[in-house]
S.K.: 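Okay, handing you the structure first.
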Amino acid sequence: MSTLPEVPVLASRQLVADGLPLPRVETVERQPPARGELRVRTTCSLVSPGTELHYLDRSAATGERYVLGYCSAGVVDAVGPGAPRFAPGDRVIAMGWSEAVHGDVVVVPYRLCCRVPEGLELSEAVVANLAATAVHAVDRATLAPDDEVAVVGAGMVGQLVAQTAAATGARVTLVDQRPERLRGASALGLAVAGSADFLGDPGAPPKEGGRCVLLCGTGDADATVAAAARWAGHAPGRPRLVGVGRFAARVEFSVGLGNLDIRYAARCGAGYRDASYARGLTDVTAPAGEGTVTQNLGRALELIASGAVRPAGMGLPRHPLDSAPQVYAELRERPAHPSVLFEYGPPQGGSAS
């Protein structure tokens, strides 16, 4: 009678926020995958600057501990029971807060993973994890091909939202106050503008279609929201304002605001942060016109594979994990590049003993 080989425990580094303004690297053990899970030896992971700097600040203020990262790509090392359609050796993207963390080895629910198409580099495919947020935001915006769209904020998510919105056929302008970010975005073929120049002058309204603003910034946004509402309302059709970033704003509701639809695009699709769905124990149904997180990950990969979203044109520096403190210190200064990739090289997750 044959028995399956025992799956070893693997040692892995991981990046943690542990009460300080900058992260540190620690070593942990990665157990074999449980039901509905995959274990992945990581090739690269993508920093989500807005989210991760937020939790670093929160950790420094409260002493709470967080394992950072939620966007990884690599090769499946082991498959747990009840994780269909995956096998060891598959190249995958993997996402999930506290799961697809920055580290050599991660254990992730299988519904938060997608196989990477042949010929697509993992360093490009990993961007699909954040691009799934852009796919969900554009779904929430209910864009039509003749719409005019302003994407405010040229950070990582903003650049992905702008490229995803442009793929629908809408006319898109990426708006930001930082010329260095706009220079990088213009290399992607996007129309760009300074926020004061663009939102401050509604200009001629489109002959057909409506206007939509997707807010991808951070911090206090009272003035930005007010200007965006005025710009979006200066057009036929129903204006839409879709929040995507982590910001705060006070909205003056009045007749002068008009029939403005205000929406928020949280996370990246139905089923995200639902542990039962992610492990295949229950199902979810996305609202009409939207997708599950699994579907949105697949759609984001298709956009990258087709060239509609171009990670290679976004100027993402690559660094080893041990340089994380310097990387996050630089990201706090809002450099020209919108994010950073950590690279892990050949699989490093040796057996823990």
S.K.: Under the criterion side-chain contact (heavy atoms from CB on, under 4.5 Å), I'd like the reasoning laid out for V151 against C216: C-alpha separation, chi angles, the key distance, then a yes or no.
M.R.: CA-CA 7 Å; V151 177; C216 303; 3.9 Å; yes
S.K.: Is D261 salt-bridged to R140, going by a charged N under 4.0 Å from an acidic O?
M.R.: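 Not counted as a salt bridge, because no side-chain N and carboxylate O are separated by less than 4.0 Å.
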S.K.: For a 4.5 angstrom cut-off between non-hydrogen side-chain atoms, does V126 reach L341?
M.R.: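 Counting from C-beta outward, V126 and L341 do come under 4.5 Å.
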S.K.: Nearest 0.5 Å please: distance from the OG1 atom of T43 over to the CD atom of E121.
M.R.: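 Nearest 0.5 Å value for the OG1-CD distance: 10.0 Å.
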S.K.: Before you tell me yes or no, could you show the steps for E330 and R332 under salt bridge (charged side-chain N to carboxylate O under 4.0 Å, His left out), namely the whole-Å CA-CA distance, both residues' side-chain angles and the distance that decides it to 0.1 Å?
M.R.: CA-CA 5 Å; E330 184 179 14; R332 285 193 182 280; over 6 Å; no
S.K.: Quick check: do D139 and N296 have side-chain heavy atoms less than 4.5 Å from each other?
M.R.: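 Yes; the side chains approach each other to less than 4.5 Å.
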S.K.: Restricting to non-hydrogen atoms, name the atom on L297 and the atom on R111 that form the minimum distance, rounded to 0.1 Å.
M.R.: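 What the structure gives for the nearest pair is CD1-O, 4.5 Å.
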S.K.: Considering non-hydrogen atoms only, spot the tightest contact between V225 and L215 and give its length.
M.R.: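 Answer, listing the atom of V225 first, then L215: CG2-CD1, 3.7 Å.
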S.K.: How about D220: does its CG atom have over 12 heavy atoms from other parts shown lying under 6.0 Å from it?
M.R.: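 Atom CG in D220 is not packed in, count stays at 12 or less.
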S.K.: Got a salt bridge between D274 and R279, using NZ or NE/NH1/NH2 to carboxylate O under 4.0 Å?
M.R.: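 Salt bridge absent between D274 and R279.
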S.K.: Is any side-chain heavy atom of T173 closer than 4.5 Å to a side-chain heavy atom of E148?
M.R.: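 A side-chain contact is absent here, since even the closest heavy-atom pair is not under 4.5 Å.
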S.K.: Please report the shortest heavy-atom distance between A278 and L112, naming the atom on each side.
M.R.: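 Closest approach of A278 to L112: CB-CG, 4.1 Å.
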S.K.: Is it possible for you to say whether W231 and V161 belong to one hydrophobic cluster, with membership spreading through side-chain heavy-atom contacts below 4.5 Å?
M.R.: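 W231 does not cluster with V161.
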S.K.: I'd like to know if the side chain of Y110 pairs up with that of E37 as donor and acceptor (distance under 3.5 Å, no hydrogens or angles considered).
M.R.: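 Y110 vs E37: no donor-acceptor pair found between side chains.
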S.K.: Can you spot which of R91, R30, R39 makes a salt bridge (charged side-chain N to carboxylate O under 4.0 Å, His left out) with D77?
M.R.: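 Testing each of R91, R30, R39 against D77, the sole residue satisfying salt bridge (charged side-chain N to carboxylate O under 4.0 Å, His left out) is R39.
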S.K.: Evaluate the side-chain proximity of M314 to Q163: yes if any heavy-atom separation is below 4.5 Å, no if none is.
M.R.: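 Answer yes - side chains close enough.
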S.K.: Indicate if F247 and Y55 have the same hydrophobic cluster label, given that clusters are the connected sets of ILVMFWY residues with side-chain heavy-atom separations under 4.5 angstrom.
M.R.: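 No.
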S.K.: Begin with the C-alpha distance, continue with both residues' side-chain angles, and end with the deciding distance and a verdict on salt bridge (charged side-chain N to carboxylate O under 4.0 Å, His left out) for R240 and D147.
M.R.: CA-CA 11 Å; R240 284 142 288 152; D147 280 344; 3.1 Å; yes
S.K.: How many angstroms lie between atom SG of C114 and atom CD of Q295, to the nearest 0.5 angstrom?
M.R.: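 So the SG of C114 and the CD of Q295 are separated by 10.0 Å.
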S.K.: When rounded to the nearest 0.5 angstrom, what is the spacing between CH2 in W97 and OG1 in T51?
M.R.: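 These two atoms lie 7.0 Å from each other.
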S.K.: Nearest 0.5 Å please: distance from the OG atom of S339 over to the CG atom of L160.
M.R.: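 With rounding to 0.5 Å, OG (S339) is 9.0 Å from CG (L160).
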S.K.: For side-chain contact (heavy atoms from CB on, under 4.5 Å), just list the numbers for L241 and R263, CA-CA rounded to whole Å, side-chain angles, deciding distance to a tenth of an Å, and then say yes or no.
M.R.: CA-CA 6 Å; L241 191 63; R263 307 169 187 173; over 6 Å; no
S.K.: How does the hydrophobic cluster around L20 look, that is, which other residues are in it when side-chain heavy atoms under 4.5 Å mark a link?
M.R.: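 Joined to L20, directly or through intermediates: none.
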S.K.: Calculate, to the nearest 0.5 Å, the distance between atoms CG and OG belonging to L68 and S98 respectively.
M.R.: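 Reported value, rounded in 0.5 Å steps: 9.0 Å.
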S.K.: For F342 and H102, take the angle between the two ring planes, folded into 0 to 90°, and tell me which bin it lands in: parallel under 30, tilted 30 to 60, perpendicular over 60.
M.R.: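 Ring orientation, 0 to 90° scale: perpendicular.
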S.K.: Quick test of your reading of the model: are D18 and R65 salt-bridged, counting only N-O distances below 4.0 Å?
M.R.: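 Salt bridge flag = yes for R65 with D18.
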S.K.: Side chains of T224 and V152, heavy atoms from C-beta outward: is any pair under 4.5 Å?
M.R.: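 Counting from C-beta outward, T224 and V152 do come under 4.5 Å.
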S.K.: Do M95 and C268 touch side chain to side chain, with heavy atoms closer than 4.5 Å?
M.R.: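 M95 reaches C268 side chain to side chain.
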S.K.: To the nearest 0.5 angstrom, please state how far the OH atom of Y344 sits from the OG1 atom of T42.
M.R.: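 Here the rounded value is 6.0 Å.
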S.K.: What I want to check is whether the side chains of S123 and R318 have a donor and an acceptor closer together than 3.5 Å.
M.R.: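 Side chains of S123 and R318: pair found under 3.5 Å.
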S.K.: Would you call D104 and R13 a salt bridge, using N to O less than 4.0 angstrom?
M.R.: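 A salt bridge is present here (some side-chain N lies under 4.0 Å from a carboxylate O).
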S.K.: Return the minimal non-hydrogen interatomic distance between C71 and L130, and the atom names on each side.
M.R.: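 Looking at all heavy atoms of both residues, the shortest contact is SG-CG, 4.0 Å.
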S.K.: Can you list the steps and then say if E52 with Y328 is a side chain to side chain donor-acceptor pair (under 3.5 Å)?
M.R.: CA-CA 9 Å; E52 295 181 40; Y328 285 82; 2.4 Å; yes
S.K.: Would you say the side-chain atoms of R181 pair up with the backbone N or O of P335, donor to acceptor, closer than 3.5 Å?
M.R.: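 Confirmed, R181 side chain pairs with P335 backbone.
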S.K.: According to a 4.5 Å side-chain heavy-atom criterion applied to Ile, Leu, Val, Met, Phe, Trp and Tyr, with indirect links allowed, do L301 and V293 form part of one hydrophobic cluster?
M.R.: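 Yes, it is one cluster - the side chains of L301 and V293 are joined through contacts under 4.5 Å.
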S.K.: Which atom names give the shortest non-hydrogen contact between A78 and V7, and what distance separates them?
M.R.: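 For A78 and V7, the tightest heavy-atom pair comes out as CB-CG1, 3.9 Å.
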S.K.: After noting the C-alpha distance and the side-chain angles of V149 and L214, does the key distance pass the side-chain contact (heavy atoms from CB on, under 4.5 Å) rule?
M.R.: CA-CA 8 Å; V149 178; L214 292 112; 3.5 Å; yes
S.K.: Determine whether a donor-acceptor pair (N or O, by modelled atom type, separation under 3.5 Å) exists between the side chain of Y70 and the backbone of L46.
M.R.: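 No, the answer is negative, given that no donor and acceptor are paired below the 3.5 Å cut-off.
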S.K.: Check the side chains of T218 and R334 for a donor-acceptor pair under 3.5 angstrom, ignoring hydrogens and angles.
M.R.: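 Looking only at side-chain atoms, T218 and R334 do form a donor-acceptor pair, the distance falling under 3.5 Å.
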S.K.: Please name the pair of heavy atoms, one in V25 and one in L321, separated by the smallest distance, quoted to 0.1 Å.
M.R.: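 That would be CG2-O, 3.9 Å.
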S.K.: Apply side-chain contact (heavy atoms from CB on, under 4.5 Å) to residues V138 and T168 and explain how you reach the verdict.
M.R.: CA-CA 9 Å; V138 170; T168 70; 3.9 Å; yes
S.K.: Do D90 and L38 come close enough that some side-chain heavy atom pair is under 4.5 Å?
M.R.: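 In short, these two side chains do not touch, never coming nearer than 4.5 Å.
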S.K.: Can you name the residues that form a side chain to side chain donor-acceptor pair (under 3.5 Å) with E64, not counting sequence neighbours?
M.R.: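 R58, T62, Y66.
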S.K.: Please answer whether the main-chain N or O of E302 pairs with a side-chain N or O of S306 as donor and acceptor at a distance below 3.5 Å.
M.R.: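 Yes.
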S.K.: Please check if any side-chain donor atom of S12 sits under 3.5 Å from a side-chain acceptor atom of R41, or the reverse.
M.R.: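 No, no side-chain donor-acceptor contact under 3.5 Å.
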S.K.: Would one find more than 12 heavy atoms of other residues, nucleotides or ligands at under 6.0 Å from atom CD of Q177?
M.R.: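 No, because the 6.0 Å sphere around CD of Q177 holds 12 heavy atoms or fewer from other groups.
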S.K.: Transitively linked via ILVMFWY side-chain contacts under 4.5 Å: V213 with L190?
M.R.: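 No, it is not one cluster - the side chains of V213 and L190 are not joined through contacts under 4.5 Å.
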S.K.: Are V135 and V172 joined in one hydrophobic group, where the rule is that I, L, V, M, F, W and Y side chains link up if heavy atoms are under 4.5 Å apart?
M.R.: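 The answer is yes; both residues are in one hydrophobic cluster.
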S.K.: Is any side-chain heavy atom of V309 less than 4.5 Å from a side-chain heavy atom of T164?
M.R.: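 V309 reaches T164 side chain to side chain.
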S.K.: Do T292 and Y272 have side-chain N/O donor and acceptor atoms under 3.5 Å apart?
M.R.: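 No, Y272 and T292 have no side-chain donor paired with an acceptor closer than 3.5 Å.
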